[in-house]
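Quick notes on the structure that follows.
Computed from heavy atoms alone, side chains included, the values below leave out hydrogens, waters and symmetry copies.
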Amino acid sequence: MNKRIDRRQRISEAFEVFRSAVAAALGAASRAHRNASVQHAREIFEVVLRQDGIDRALRDPHYANVLRNPKFADVVHRAMEDRERVFAKWTAEGAQRLIDLVAAVAPGAASEPYENWLGQAGSVGPRGPMPELWRIGTAVATGAPLPQQFPVAVPLLDRAHLAIAATPPSRALAENLVESLLLRVLSYFQPGLVHVHVWDVGQLTGSLPGLYPLTRAGLLTVHDPARPAELLDELAEHIRKVHTSVLVDGHVSLRSLEEDSGGRTEPWRIAVLFGNGEPLPEEQLHKLQRIARNGLACGVQLVLVDCPISVNSPVETVLLEDDLTGTTTMTGPHATFRVDPPLPRELVPRACAVIAGALEERRSRVCTFEELLPSRLWAARSSSGVQSPIGHRDGVPVAVTIGDSSPHVLIGGPSGSGKTNFLYAMLGGLAARYSPDELELYLLDFKEGVSFAQFAPGRKDPTWLPNARLVGVNVNQDREFGVALLRFLAEEMRRRADAAKRHEVTKLEELRAEDPEGRWPRIVAVVDEFQYLFADKDAVTREAVALLEDVARRGRSQGIHLVLSSQDVSSIEAFWGKPAIFEQFTVRIALPKARRVLADGNTEAIELPRWHAIVNHESGVKQGNEIARVPDATARGTMDAVQARLFELKPEWLPEPRLFDGSRVPVLEELPGFLQLRPGENRAPKVLLGKVIDVEDHAASVSLARAPGRNLAVFGSALVENASVLRAAALSLARQHEPGQALFTVAPLIDDARPFAADLVARLTAEGHEVSVVDLDGIRERLGEVAAGLTARLTGAVSDQPRPHYVVVYAMDAANALLEAKDPKTLQSGVDGLRQVIKHGPENRTHLIGWWRSPARLKSVLMMGASADDIGSWVAFDVQGQDLTSFAPGQLITWSPRPRRGLFFDRFEHSRPQVVIPFQVPGEDQP
Ligand SMILES: Nc1ncnc2c1ncn2[C@@H]1O[C@H](COP(=O)(O)OP(=O)(O)OP(=O)(O)O)[C@@H](O)[C@H]1O
């Protein structure tokens, strides 16, 4: 029995060992399993965590427990470490870089806290600097290890539109954002440089109530919510206007123009559209898309709130969420931003009132001439045209553009309305911007007075305007000078067209590109009171019209531009009768009360205040009107000061402008053409008579060749003028002969002529010439001797080289009766002698230079034995055109005499008579 018990005991014990072994084995397995599970869970967690990212896990409430579990602490720790390592660069410098960047490109009100600027009117003018970004809030990079804040800013004005999409809870935030942004912009720039338009689909009273004080100064326009089309049309019209009047000639945007011209010439327009999340009706949407597409180039900025639109132009987008955070396309999806807190309610209207007030004050302040000038003189290029501000509106410059698409300018305004002042403002601005290689000026003033005289060197002021190539003053009745200028321009136009053809181009801009070494400045020719050109229905007007038509039509592509100004455009029938000419004058400037310069029905000039001008680049149609206050440009220290500065800058080689002063009496002895005369064997002597009216400053001259007809007659009763011609003729001949080589007979046949003749004789003898003087009593005999000498040659009795002999007779007709008497012996009259001299003198080097007090008195002599043909050239003073026709067969001479002007015709040289200005005679003063 005991044995059995013992065995059982042993068995039990044996099983006990087994059980313990099993238990131990199971325990170990379970521990291992537990460990493995934890390990597995960690790995799975790490996989998930890495997949989601630690930053997301940290924000996700589902992760909260797990992240606290100490078992996963090392996984979390590792992930955090990795994140920190990855973000080390960002953490160290990322946010700071953004802070620095915004501070650099968004100066002043563009990014600083409102305390620094709100309530002050901006001071930055049209020349900038232009902020690149404008602050809207603060962001943190989502997922960065440290919640470092950095500013969020968006580009605006010329750079990108702004679209904001909000949810109902965040809509108010969107409005705050817009308000703050607008105030930043409005407070940055000088008042007037930015205009705001607001349209809100939902609210009749409009949004942004804090901005309302701006309406008083016209800086804010709140548009009717029921009529969005009105705003869209207005913006579209503005864009069109900028294209047609400002962005002419090559510039694609106001910004590129600004870079070239050194300043903004057009204010920005910011249009804020508050929508309701629904797209606009299709037609309006298309309009809006067009504005979005073209607006940025023309200074039109859209800010669209809940106004869905897809456009093909730069737009930055802001998305605001229910939780009042947002994202923007500027910072991408990895940054969450918060809109800056709203500006203090009560400060906004006050700030807007300050801005409006400052603008009103600016408006009442007169901009100065100095403000028309560029920051750098002569820095602009004229390849595609020239442009200069001529005045300001609301502190913003208003410019005139002259180029291929706005080639010519017409200025109108009654006397005293400021045309001349306007021209000065324009010429000052242009001359300061464009060097003489870029722009040449031809300035002609028909008015009494000397408004352009200061541009040429004068007795008091030796400086002159370097751009001026020609200055014509006191032109008054010398309409021929206007024609001469037009002729010169037409000639230059042809020269340029030929050069263009050689380079196979059609326009000046292309020619300049093809021929960079060539000098091809643009030419602006200004004619003040140009209606004088068309004063009579005569050959001058006909020629002027033809030339004007040619230059107006073809000048544009050759860089030749006309600026015509008149107090009475309506009276210029010849001009009006040619709509083709008129149409070329697309730039119209109307001064107060100007009539007919602008298009019919555009009567704004009537209401224009003093010292203002309407600048219109659209042929005068109403939409093209831009009003500018023109500064005083004629006072001392304005145009004259610029001229003095430019004079210092001018290159050495630049010649003085030619001055044509209609009131000046030319002086023979100062004329280069006279001083250059020398004795010469093989040339026919040249006789200078006076100056012709031309651009080149030539003398009128006749060649006294050894040929029939080479005599000179001077007609008219005007003593001084006739004596002047005889004197100039004789003195110029004297310079072309060695002393003793020629003989001069000087015959004053009336007493009044004696002083002139005596002076002439003195000068001729002083130069060593042989002079014989005869008076009325001796003339018949003298002519008889000369005639006999000629007869001897004609009959062959004498055959040596004839000696040049110039017979200068004052008032030849005084001897008519005396000459007509016949010699009782020979039955010859003195007239026969005279005829012989006139007819056969020239071929034998004897030339008659005679003054007859009327052409009829000479004609009576030229009946038999001599003819009008024997007087090959003549100058007439105070003689009507019809009285001269017998000396210019086949010509219709429409000449009305005028003081100190003669009509000159050389049948050997001229197809038509030309006007001459006689030289000064001794004792005669300059006016
Ligand atoms: N913008 C201006 N600011 C101040 N003064 C001005 C301005 N424009 C013109 N004036 C002054 O008004 C006067 C007349 O101006 P201006 O000579 O330019 O007129 P106009 O139209 O050319 O007259 P007119 O044809 O009679 O010569 C001048 O004394 C000029 O200084």
Side-chain angles (χ1 to χ4, degrees), residues 50 52-59 78-118 122 124 128-165 170 173-174 176-178 180-185 187-189 255 259 296 301 303 313-321 323-343:
R50 296 288 180 172
D52 283 356
I54 177 73
D55 40 298
R56 182 144 141 216
L58 287 169
R59 278 181 283 126
R78 261 203 316 281
M80 299 277 260
E81 259 182 5
D82 285 355
R83 184 172 72 146
E84 264 160 42
R85 204 171 42 252
V86 169
F87 277 97
K89 197 166 157 58
W90 164 262
T91 309
E93 55 189 60
Q96 191 57 46
R97 269 172 64 181
L98 290 175
I99 292 167
D100 295 345
L101 185 139
V102 170
V105 301
S111 71
E112 287 177 10
Y114 76 85
E115 290 86 348
N116 292 0
W117 49 265
L118 191 64
V124 176
M130 263 295 293
E132 286 174 37
L133 295 173
W134 302 83
R135 182 185 161 111
I136 54 171
T138 310
V140 289
T142 325
L146 294 176
Q148 292 165 305
Q149 294 193 335
F150 55 87
V152 177
V154 288
L156 289 179
L157 305 183
D158 305 337
R159 294 167 198 272
H161 299 297
L162 180 64
I164 304 171
S170 59
L173 208 58
N176 287 343
L177 187 158
V178 173
S180 303
L181 195 55
L182 291 176
L183 272 151
R184 283 190 185 279
V185 176
S187 306
Y188 180 85
F189 290 111
R255 198 159 141 212
E259 279 157 15
L296 292 176
Q301 163 82 50
V303 175
S313 60
V315 182
E316 295 299 337
T317 307
V318 170
L319 297 174
L320 299 175
E321 307 293 347
D323 66 356
L324 308 188
T325 64
T327 49
T328 81
T329 42
M330 273 308 280
T331 46
H334 300 294
T336 313
F337 93 101
R338 287 190 176 275
V339 175
D340 278 335
L343 299 170

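Put simply, the side chain of Leu162 does not reach to within 4.5 Å of the side chain of Val178, judged on heavy atoms. With a 4.5 Å cut-off on side-chain heavy atoms, Trp134 and Ser180 do not count as touching. Inter-residue side-chain proximity for Leu58 and Met80 is flagged as met; some heavy-atom pair is nearer than 4.5 Å. In this structure, Pro155 and Met330 have side chains that are in contact, with non-hydrogen atoms separated by less than 4.5 Å. Residues Thr325 and Arg338 are in side-chain contact: their nearest non-hydrogen atoms beyond the backbone lie under 4.5 Å apart.
The line from CG of Leu173 to CG of Asp340 is 10.0 Å long, rounded to the nearest 0.5 Å. Separation of atoms CG (Leu118) and CZ (Arg184) is listed at 10.0 Å; rounding is to 0.5 Å. Rounding to the nearest 0.5 angstrom, the gap separating the CD1 atom in Ile54 from the CG atom in Asp82 is 10.0 Å. Once rounded to the nearest 0.5 Å, the distance linking CD1 of Ile164 with CG of Leu177 reads 4.5 Å. To the nearest 0.5 angstrom, Leu98 atom CG is 12.0 Å from Thr138 atom OG1. Taking CD of Gln301 as the start and CG of Leu156 as the end, the distance is 4.5 Å to the nearest 0.5 Å.
The number of heavy-atom neighbours closer than 6.0 Å to CZ of Arg50, taken from other residues, nucleotides and ligands shown, is above 12. For Arg97, the CZ atom sits in a loose shell: 12 or fewer heavy atoms of surrounding residues, nucleotides or ligands are nearer than 6.0 Å.
Taking every heavy atom of both residues into account, Pro131 and Arg159 meet most closely at O-NE, 3.9 Å. Across all their heavy atoms, Met130 and Leu157 have their closest contact at CE-O, 4.0 Å. For the residue pair Gly326 and Leu320, the shortest heavy atom distance occurs at CA-CD2, 4.1 Å. The two atoms that bring Val154 and Ile136 nearest to each other are CG1-CD1, 3.9 Å, heavy atoms only. The shortest non-hydrogen separation linking Phe337 to Ala139 is CB-CB, 3.5 Å. Nearest heavy-atom pair, Val140 versus Gln148, reported as atom, atom and distance to 0.1 Å: CG1-O, 3.4 Å.
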Practice problem: Step by step, work out the side-chain contact (heavy atoms from CB on, under 4.5 Å) result for Arg135 and Val152. | Solution: CA-CA 6 Å; Arg135 182 185 161 111; Val152 177; over 6 Å; no
Could you go through residues 105-114 and list every donor-acceptor pair under 3.5 Å that involves a side-chain atom there, pairing it with any protein atom two or more places apart or in another chain?
{"unit_1": "Ser111", "atom_1": "OG", "unit_2": "Ala106", "atom_2": "O", "d": "2.6"}
{"unit_1": "Glu112", "atom_1": "OE1", "unit_2": "Asn116", "atom_2": "ND2", "d": "3.1"}

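When atom types are taken as modelled, the side chain of Thr328 and the backbone of Thr331 share a donor-acceptor pair closer than 3.5 angstrom.
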